[in-house]
Each structure stands twice: as C-alpha cells, then as structure tokens.
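Contents: one structure, followed by commentary.
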Amino acid sequence: MYLASHAIPPISLCISVEVLMNIIRSDLTAEVTAGVTASPQLADKEDRGSQIRSYIELHPDVTAADMARSFGVMRQTASRHLSKMRVLNENGGAVGT
C-alpha cells in the first residue's frame with residue numbers, strides 16, 4: 001500500500017504531460033493543414049479579420065475555441081480578436097490603436 005501511494009504522483013504527472021503534448025501537437029497539425037487547404041480568398045488576413053470581427057458582433061457569447069474551429073485559426077488568434085472587440089465595446093466603439 002505504501003509503495004502504491006508513492007507511485008501515483010509520478011504516473012499522473014507522466015499522463016498529464018502526455019495529454020498536454022497531444023493538445024499541442026493537434027494545434028500545430030490543425031494550423032498546418034488549415035494553411036494548406038485554405039482557399040486564396042481566406043488567405044487574406046485583413047479579410048479574415050473583418051469576418052471574425054463581424055461574427056463576434058453578431059454572436060457576443062462566442063468562445064475563442066468555437067471561433068478557432070469555425071475559422072480555422074489558432075485559439076490565440078481568436079482570443080486576440082475577442083479581446084480587441086471587448087475593448088472596443090467598453091470604449092464605446094472608439095478605435096485606440
């Protein structure tokens with residue numbers, strides 16, 4: 001019983017590292033395949049950014065993960081667009097770039 005109780009933390013640490021690596025690997029794979037299969041119209045960053053911002057305006061409850069799946073972008077990119085739109089909404093629509 002003593003040995004089993006001391007074996008659990010290293011095993012759980014190993015499993016959590018493997019899960020994290022699988023998440024990172026899937027994000028990297030999704031980014032590479034999205035870039036390869038995307039049409040030339042979607043490759044334009046400004047056009048995609050305006051589409052994302054319009055979508056956020058229509059769906060203010062949307063999450064970054066949902067947007068990442070819908071638009072084929074990374075979660076960080078979707079999160080950045082969400083935070084920009086929230087700042088704009090808090091400032092009353094004033095652009096502060």
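Position 1 is the first residue of the sequence; numbering continues from there.
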Under 3.5 Å, which donor-acceptor pairs do the side chains of residues 69-81 form with other protein atoms, sequence neighbours left out?
unit_1: Arg69; atom_1: NH2; unit_2: Asp66; atom_2: OD1; d: 2.5
unit_1: Ser70; atom_1: OG; unit_2: Asp66; atom_2: O; d: 2.9

Worksheet, complete the sentence: d(Ile8 CD1, Leu3 CG) to nearest 0.5 Å is 11.5 Å

Worksheet item: Would a 4.5 Å heavy-atom cut-off, applied to side chains only, mark Met85 and Leu82 as touching?
Response: no

Worksheet item: How far does CD of Glu18 sit from CD1 of Ile15, to the nearest 0.5 angstrom?
Response: 9.5 Å

Show which side-chain atoms of residues 54-62 pair as donor or acceptor with protein atoms under 3.5 Å away, not counting sequence neighbours.
unit_1: Ser54; atom_1: OG; unit_2: Ser50; atom_2: O; d: 2.9
unit_1: His59; atom_1: ND1; unit_2: Tyr55; atom_2: O; d: 3.3

